[in-house]
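The structure appears below as structure tokens.
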Amino acid sequence: METKTQVVDALATVLPDIQKVDIESKIERPKDTTKGDYAFPAFFLAKQLHQAPQQIAQDLLAKIDQTGFEKIEVVGPYLNFFLDKVTVGASILDEIISDPANYGSSNVGEGGNVTIDMSSPNIAKPMSMGHLRSTVIGNALANILKKVNYNPIKINHLGDWGTQFGKLMTAYKMWGSEAEVKADPINTLQKYYVRFHQEAETNPELDEDARAWFKKLEDGDPEAMHLWEWFREESLQLFMKIYDLLDVHFDSFNGEAFYNDKMDEVIELLESKHLLQESKGAEIVDLEKYNLNPALIKKSDGATLYITRDLAAAIYRQRTYNFVQSLYVVGNEQQNHFKQLKAVLKEMGYDWSDNIHHIPFGLITEGGRKLSTRKGHIILLEEVLDDAMQLAKKQIAEKNPTLANADKVAEQVGVGAVVFHDLKNERLNSFDFDLEEVVRFEGETGPYVQYARARSLSILRKAGNPDLTNVDKKISDPNAWEVIKALGNYGDIVQKAAKDYEPSVISKYTLQLAKDFNQYYAHSKILVEDNEKLARLSLVKAVSDVLESGLALLGVQAPNEM
RNA sequence: GGAGCGGUAGCUCAGCUGGAUAGAGCAUUCGCCUUCUAAGCGAACGGUCGUGAGUUCGAACCUCACUCGCUUCACCA
């Protein structure tokens, strides 16, 4: 941040006719680090100065004040700036060591509330890898937004209402037994659900029966209500186990059922604004002018739909939290729905609908096939996490057999690998599930980052964890520079991740920092007795602090030893 | 057909608001544990950036056309 301003200021004094912001926008970071820390291309000045860019660069170099820089040099049309590594490095380390917890924080959010609709598994269905995506992306975004001083509100909009309960009740009444469900709730209910869809293909009466059961539920029929509560309770208990493992916690579990008594108002509002139309026996809102299909508010049998509930939820959230932003971390395949949702709210005259953002993510397939709960083609999250933990345990037994708390560490490493894998790439990328890939511990993975941090802590322990707050942090070793530069970028990285709602910006950064540190570690000896030892330890401490912070933003736990 | 996302090394992906010889990881081959954890470090190999035009001093990036893959388009969520 500040280092860039230094470059801008130096250039501004020799380019009085150019706006500072314009200069800043042209400054780039050379990919090749031997070409300096910042570079200024002179191409764009060629036209107005009527000179060759190479010549302009030369002239600027002659006039520019080089104090505070290690050197400035011209390569072709580029002016390359080399920062004073020792001084700049020491000040970056000082900043981190003096207040590690707040390093990288900023106030762009000004405390504003941001609701995050995330995870939202369906009751009576197992959690799949798709739910993992929503859960970990939402959780990471909440952490990232908090770091830039928004106030995130994590809402688990449980799928605890809807026609699937009608189907489930039909199936249960026809083929189910209480004992079977109690023995293994989710898998059994899942089995009923799959069977329902199989048999309904040849027997359409089942669909009618399911519709009837759901209608009963909506009308408060005691038997239907009882079954619903039972299914819900059993499911929720199992979900909580997974959330504990992922260390994800919610501010609200208000799911679909919570809005049952809030939908009449939505219908009334729509009616009073004359937005409802009848079409084929159903009630719709026409969205022609948004170039969207009509939003179906009420089915021909009078039952409500997803969007009606989401309208109620959006209005409720606005009233309850007065959000500055409302995020929905939901798969990309639902983008049409969210466009409709925003459009209907807009039609209702709610300008705050502009603050609603669908945060889509890519689809997970397996063997190129879309996963489908209805057809029973799913990847169970629980199994993936179990596999990952088992594998981590095996690794520990091989590589660090004397490790204390091996089980806990295996959990952190295994789960960390799965979570990190999900956050590593741009969230809109879809990917084909490959267990080996997901639970990999080498290369660009969560464990790689965890390992780099564990090694840094190990060094600090060996050094007796000295107090580093007031030590001289000047490091002359050029190997340290890439690490320090990376450390200095953290704040910008966090802001970019927040602005783009993109956790992968953080994961990529932690990988890069870990890589830079591992290189330094391999090439420079830290624990040698000389007058820069405490400065080097400061660097190591700063790395462990920032890696810990970055991993925490991602919701990945970091073991002190592994 | 409309809308959306994508096509970069054998595989998985980076590539910032257009800039200097297109970068990682995995896989393959080969080095490095008598020094701070080898879940590591280093080296080699590997690319017509889907195709064709255009804008520009300069295009993987912007525009247009085409092409391939996935998603979605009222009574599921």
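Numbers restart at 1 for each chain; the letters A, B, ... are given by sequence-line order, proteins then strands.
- Checking B/C26, B/A39, B/C75 against every side-chain atom of A/Arg440, the shortest atom distance belongs to B/C26.
- Across all strands, A/Ala454 comes closer than 4.0 Å to base atoms (heavy-atom distances).
- Proximity of the aromatic rings of A/Tyr328 and A/Phe338 is defined here by a centroid distance below 6.0 angstrom, and this criterion is met.
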Quick one: side chains of residues 18-25 of chain A, donor-acceptor pairs under 3.5 Å with protein atoms, not counting sequence neighbours, listed by atom name and distance.
from    : atom 1 : to      : atom 2 : distance (Å)
A/Lys20 : NZ     : A/Asp9  : OD1    : 2.8
A/Ser25 : OG     : A/Asp22 : O      : 2.8

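- Taking atom CZ on A/Phe43 and atom C1' on B/U56, their separation rounds to 12 Å, with Å as the unit.
- Listed nucleotides: B/A38, B/A77, B/A74. Nearest to the side chain of A/Asn122: B/A77.
- Taking atom P in both B/C61 and B/G25, the straight-line distance is 25 Å, to the nearest Å.
- Nucleic acid contact for A/Leu511: none, since no nucleic acid atom lies under 4.0 Å from a heavy atom of the residue.
- Nucleotides B/C66 and B/G1 are separated by 10 Å at their P atoms, to the nearest Å.
- When the P atom is used for both B/C49 and B/A22, the distance is 11 Å, rounded to whole Å.
- With its glycosidic angle within 90° of 0, B/C33 is assigned syn.
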Please produce a list of atom pairs where a protein N or O lies less than 3.5 Å from an N or O of nucleotides 59-62 of chain B.
none

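- Between B/G47 and B/U12, the distance separating the two C1' atoms is 15 Å to the nearest Å.
- A/Asp207 comes within contact range of no nucleotide atom at all, as no heavy-atom separation falls under 4.0 Å.
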Would you list the protein and nucleotides 9-13 of chain B atom pairs, both N or O, that sit under 3.5 Å from each other?
from  : atom 1 : to       : atom 2 : distance (Å)
B/C13 : O3'    : A/Asn425 : ND2    : 3.4
B/C13 : O3'    : A/Asn429 : ND2    : 3.1
B/C13 : O2'    : A/Asn425 : ND2    : 2.8

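- A/Tyr448 comes within 4.0 angstrom of sugar-phosphate atoms only, judged by non-hydrogen atoms across all strands, and of no base.
- With B/A77, B/A20, B/U37 as the choices, the nucleotide that has an atom nearest any side-chain atom of A/Leu305 turns out to be B/A77.
- A/Phe338 has its CZ atom 17 Å from the C1' atom of B/C5, to the nearest Å.
- Residues in residues 497-514 of chain A take part in these salt bridge (charged side-chain N to carboxylate O under 4.0 Å, His left out) pairs, two or more places apart or across chains: A/Arg427-A/Glu502, A/Lys496-A/Asp500.
- Listed by first residue number, the stems of RNA chain B with at least three Watson-Crick or G-U pairs below 3.5 Å are B:1-7 with B:67-73, B:10-13 with B:23-26, B:28-32 with B:40-44, B:50-54 with B:62-66.
- The listed nucleotides are B/U71, B/C75, B/G4; the one nearest the side chain of A/Asn332 is B/G4.
- Between B/C36, B/A77, B/U71, one nucleotide has an atom nearer to the side chain of A/Ile459 than all others, and that is B/C36.
- At the heavy-atom level, A/Pro77 lies nowhere under 4.0 Å from the strands shown.
- The stretch residues 513-528 of chain A touches RNA chain B through A/Lys515, A/Asn518, A/Gln519, A/Tyr521, A/Ala522, A/His523, A/Ser524, A/Lys525, A/Ile526, A/Leu527, each having a heavy atom under 4.0 angstrom from the strand.
- Separating the CD1 atom of A/Ile297 from the P atom of B/C75 is a distance of 14 Å, rounded to the nearest angstrom.
- Put simply, CG on A/Leu292 is 16 Å from P on B/G2, counting in whole angstrom units.
- Considering only side-chain atoms of A/Glu333, the nucleotide from B/G2, B/A77, B/U71 that sits closest is B/U71.
- Closest to the side chain of A/Lys339, from the set B/A39, B/A3, B/C76, is B/A3.
- One interatomic measurement links the two molecules: CD of A/Glu288 to C1' of B/A74, which rounds to 14 Å at whole-angstrom precision.
- Taking atom C1' in both B/G10 and B/C73, one finds a spacing of 38 Å when rounded to whole Å.
- Considering only the side chain of A/Val413, B/A39 comes nearest among B/A39, B/U72, B/A38.
- Atom CZ of A/Phe44 is separated from atom P of B/G18 by 14 Å (rounded to the nearest Å).
- Across the protein-nucleic acid pair, A/Phe214 atom CZ and B/A77 atom P stand 7 Å apart, rounded to whole Å.
- Looking at heavy-atom distances under 4.0 Å, A/Ala452 makes no contact with the nucleic acid at all.
- Note: CD (A/Glu529) to P (B/C36) measures 15 Å, nearest angstrom.
- A/Ala282 comes within 4.0 angstrom of a base, heavy atoms only.
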